[in-house]
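All residue numbers refer to positions in the sequence shown, counting from 1. Note: hydrogens, waters and symmetry copies are ignored here, and every other heavy atom, side chains too, is used.
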Amino acid sequence: MAVLIGAACGSGWLARGTPLDPNFTETIHTNAGAHVTGIAWAPDGSNRLFVSRQSGEIIIIKDRSTLPTPFATVSPVFTNMECGLLGIRYDPNFMVNGYVYTFVTVSSNEQQIIRYTAVGDMGTNKTVLIAGLPTRGQNHNGGAIGVGPDGKLYWGIGDNGIRTGVGTNLTSLGSKIGRANLDGSVPADNPFVDGPGGNNDYIWARGFRNPFTFTFQPDTGRLWVNSVGEVYEQIFLVRAGDNAGWDDPENTQSASFITPKIKYLSHAGETRYIEGGTGAVRTGNVATFTTTFAHGFRQGEKLTIAGVGDPSFNGMFYVASPPTPATFKVAQNGADATNGGGSATTQDQGGAVTGGCFYDSTGVPAGYRGNLFYGDFMSGKLMRATLGPTNEVLSVDFFATGGVWHVDMAVGPDGALYCANYFDGKVYRLAYNFTQQQLVATPTVVRMVEGGTTALTVRLATAPAQNVQVNVAATSGDSDIAVAAGSTLTFTPGNWQAPQVVHLHAAFDGDSIGDIATLTVSASGLASETISVHALDVFPVPFSVGPVTRQSPGAAIHVGLTGNPGKTYVLEGNTNFLPPWAALSTNKLVGRSTNIVDFDSTNLPLRLYRARQLD
Ligand SMILES: [Ca+2]
Ligand SMILES: [Ca+2]
Ligand SMILES: [Ca+2]
């Protein structure tokens, strides 16, 4: 039984292991302290790595060092077994609103989604967005959290170790992926919304034993969920309303369930036997194998074929197309032949799938871009999956082996891949060793919101002989998206490695569709790179004043102001309707609304308010 973050002994002295592609170099980036549960690079170009620890601390790593004061220490936090601060991710408008979302076990019977607001390096204004999420204070708590391309908050919760919420259950958030608006409210388009009916309206997808991590695919925006398994570790590509089948048997889900895109048997390779006689048939460089019983292999799975009587069938191959229950095909050069016997064996990847991400940077050769990487907590191995145009898995290989306690992974602003170990808190950097100059831009798919600002980063791959000027410009698409800063960057032989920041702004446009634009990153004599930018639509609303509240006589009055993000409103006050109106506060709205304290109102018996839009 795969146990995630169990009570196993620490093996902190062990090295992470070695990337199998010798073109990658691994170094220790930093030590983030014991019991790291998540890592996330601030999407503002600040080069800050936020690290969540199970103990409740969120720390910031900058220039490879831990800042002396934690960003925040979540309290209360409940840290028994697999409980604690389990996940951390950012708002797509983080540069403007500073919102950081966390998934936290707060007691032996409750988990919460908690938001902090970053003010510089400090987390302020702790806000519980969603309370009452299920746990029994032991295992299978889930912990995945993130904001989707639809600007909604998603999280994953497991079966709490006692089959909570499994099967067709729609009342519990156990064994579920949940989805909420960013303020914690229920989106009206969630698939099982029934209002006062018995369904839990947050449910977005179900049937997950322990979704400890998930990741949104940058270009498609699709959600890939890593579900830690009992017999099989499974990675699902999930849509609204899907059921991944738990607690039915894993990897043999019936037709009403989704099946994993990637799976592996916990703690071992798995052997299936090939029929004798005609179990191996090669025609036109495609070999078709028939197994003695259902094999359960998935497209793209890597197999070791051994012992076939005709040895030309033997070797390591990827399942080349969607298999049938007892046959599979692989690409295999060779003369047409028929034979049989032998076996096909899968890879031993580990026993608890964790911490994946897509390689979303130009800081790797094209063959790596857009690949899905994931790790395994028990084996410490990192895996790399390549995907075809319809998200069919083409190959799954080991990327690094020999590590321990892998827990989370992220692409950094320098285009390198970072991964963290749970027990010792070491964060490793795996970087491609370029031998030729090129532009390294990260990410290649930018998700932001209308009226918002975000950042990407650019650096050079190798030391230049002389200064290199890099230009970043919006070259096609919606003109509402523009480079706000960093359109011209200069790299020198001394600073070529340091990521430089490009700020993007998406104008608030008042229509009801999102913006899509392409940026081109270019430099004389070098291949250009393109960045795709998506700004989520923010639909305009009329602006209004209210509610107006006063806690007690003589206290300052609080005034709500609702309007459109990116627009500036001045709140004015008066005591008698007669001119002049005094300007009390000028606000450029970040979200839909803000709350203004009228400190001049104490002891005023009557106060009138109005707002005007300035732009
Ligand atoms: Ca309901
Ligand atoms: Ca719009
Ligand atoms: Ca537009």
Side-chain angles (χ1 to χ4, degrees), residues 1-10 32-40 50-59 70-89 100-117 123-146 153-166 171-178 180 184 200 202 208-214 226-228 352 354-355 377 405 407-408 420-425:
M1 179 164 170
V3 174
L4 182 63
I5 312 176
C9 303
H35 299 177
V36 163
T37 54
I39 58 173
F50 284 50
V51 177
S52 60
R53 294 175 179 157
Q54 187 177 10
S55 58
E57 291 171 314
I58 302 165
I59 61 163
F71 172 78
T73 302
V74 183
S75 178
V77 63
F78 185 80
T79 61
N80 183 49
M81 288 179 67
E82 298 175 13
C83 303
L85 169 56
L86 300 180
I88 178 170
R89 292 294 183 263
V100 176
Y101 303 98
T102 64
F103 182 109
V104 186
T105 317
V106 298
S107 74
S108 64
N109 59 15
E110 182 179 7
Q111 306 194 95
Q112 295 178 345
I113 307 294
I114 296 172
R115 185 187 73 201
Y116 287 89
T117 303
T124 68
N125 195 24
K126 177 191 174 189
T127 303
V128 177
L129 295 177
I130 302 171
L133 301 176
T135 180
R136 62 170 179 136
Q138 295 188 20
N139 59 348
H140 299 186
N141 298 304
I145 186 167
L153 189 62
Y154 292 74
W155 67 90
I157 299 176
D159 73 356
N160 296 166
I162 49 170
R163 305 295 202 259
T164 301
V166 301
T171 61
S172 168
L173 283 168
S175 307
K176 303 296 191 304
I177 304 298
N200 187 305
Y202 285 122
F208 299 93
R209 179 177 177 271
N210 191 14
F212 175 65
T213 53
F214 61 44
N226 304 325
S227 190
V228 181
T354 48
F377 185 76
W405 311 122
V407 71
D408 202 9
N421 286 2
Y422 166 70
F423 274 110
D424 64 9

Short side-chain to backbone donor-acceptor contact, [X] and [Y], under 3.5 Å:
{"X": "K176", "Y": "G165", "answer": "yes"}
{"X": "E57", "Y": "S52", "answer": "no"}
{"X": "D408", "Y": "I39", "answer": "yes"}
{"X": "T102", "Y": "I114", "answer": "yes"}
{"X": "N125", "Y": "Y116", "answer": "no"}
{"X": "S227", "Y": "F208", "answer": "no"}
{"X": "R53", "Y": "G38", "answer": "no"}
{"X": "T124", "Y": "T117", "answer": "yes"}

Would you compute the distance between atom [atom1] of [X] and atom [atom2] of [Y] and round it to the nearest 0.5 angstrom?
{"X": "W405", "Y": "N421", "atom1": "CH2", "atom2": "CG", "answer": "10.0 Å"}
{"X": "R136", "Y": "N141", "atom1": "CZ", "atom2": "CG", "answer": "9.0 Å"}
{"X": "I145", "Y": "I88", "atom1": "CD1", "atom2": "CD1", "answer": "9.0 Å"}

Could you walk me through whether E82 and N210 pass the side-chain contact (heavy atoms from CB on, under 4.5 Å) test, one step at a time?
CA-CA 11 Å; E82 298 175 13; N210 191 14; 3.8 Å; yes

Using a distance-only test with no angle check, is there a side-chain donor-acceptor pair under 3.5 angstrom linking [X] and [Y]?
{"X": "D159", "Y": "H140", "value": "yes"}
{"X": "N160", "Y": "R163", "value": "no"}
{"X": "T171", "Y": "N200", "value": "no"}

Can you tell if the side chain of [X] reaches within under 4.5 Å of the side chain of [Y], non-hydrogen atoms only?
{"X": "V407", "Y": "V36", "result": "yes"}
{"X": "V51", "Y": "I58", "result": "no"}
{"X": "L133", "Y": "T135", "result": "no"}

Between [X] and [Y], which heavy-atom pair has the shortest distance, and what is it?
{"X": "Q138", "Y": "M81", "value": "O-CB, 3.5 Å"}
{"X": "I157", "Y": "L173", "value": "CB-O, 3.4 Å"}
{"X": "N226", "Y": "G355", "value": "ND2-N, 3.9 Å"}
{"X": "I130", "Y": "A180", "value": "CD1-CB, 3.6 Å"}
{"X": "G161", "Y": "N139", "value": "CA-OD1, 3.4 Å"}

When you look at R209 and V228, which way does the side-chain contact (heavy atoms from CB on, under 4.5 Å) test go after all the steps?
CA-CA 7 Å; R209 179 177 177 271; V228 181; 4.1 Å; yes

Kindly assign one of parallel, tilted or perpendicular to the pair Y422 and H35, based on the angle between their ring planes and the thresholds 30° and 60°.
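It falls in the parallel class, under 30°.
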
Test of ring centre spacing under 6.0 Å for Y101 and W155
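Not close enough - the centres of the two rings lie 6.0 Å or further apart.
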
Partners passing side-chain hydrogen bond (donor to acceptor under 3.5 Å, both in side chains) against Y154 (at least two apart in sequence or in another chain)
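Listed in chain order: D150, R179.
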
Kindly list each side-chain donor-acceptor pair under 3.5 angstrom involving residues 103-110, sequence neighbours excluded, with atom names and distances?
unit_1	atom_1	unit_2	atom_2	d
T105	OG1	G84	N	3.1
T105	OG1	G84	O	3.4
T105	OG1	Q111	OE1	2.9
S107	OG	N109	N	3.2
S107	OG	N109	OD1	2.9
S107	OG	E110	N	3.2
E110	OE2	Q112	NE2	3.1
E110	OE2	G132	N	2.7

Can I get a per-line list of side-chain donor-acceptor pairs under 3.5 Å for residues 70-80, giving both atom names and the distance, sequence neighbours left out?
unit_1	atom_1	unit_2	atom_2	d
N80	ND2	G137	O	2.7

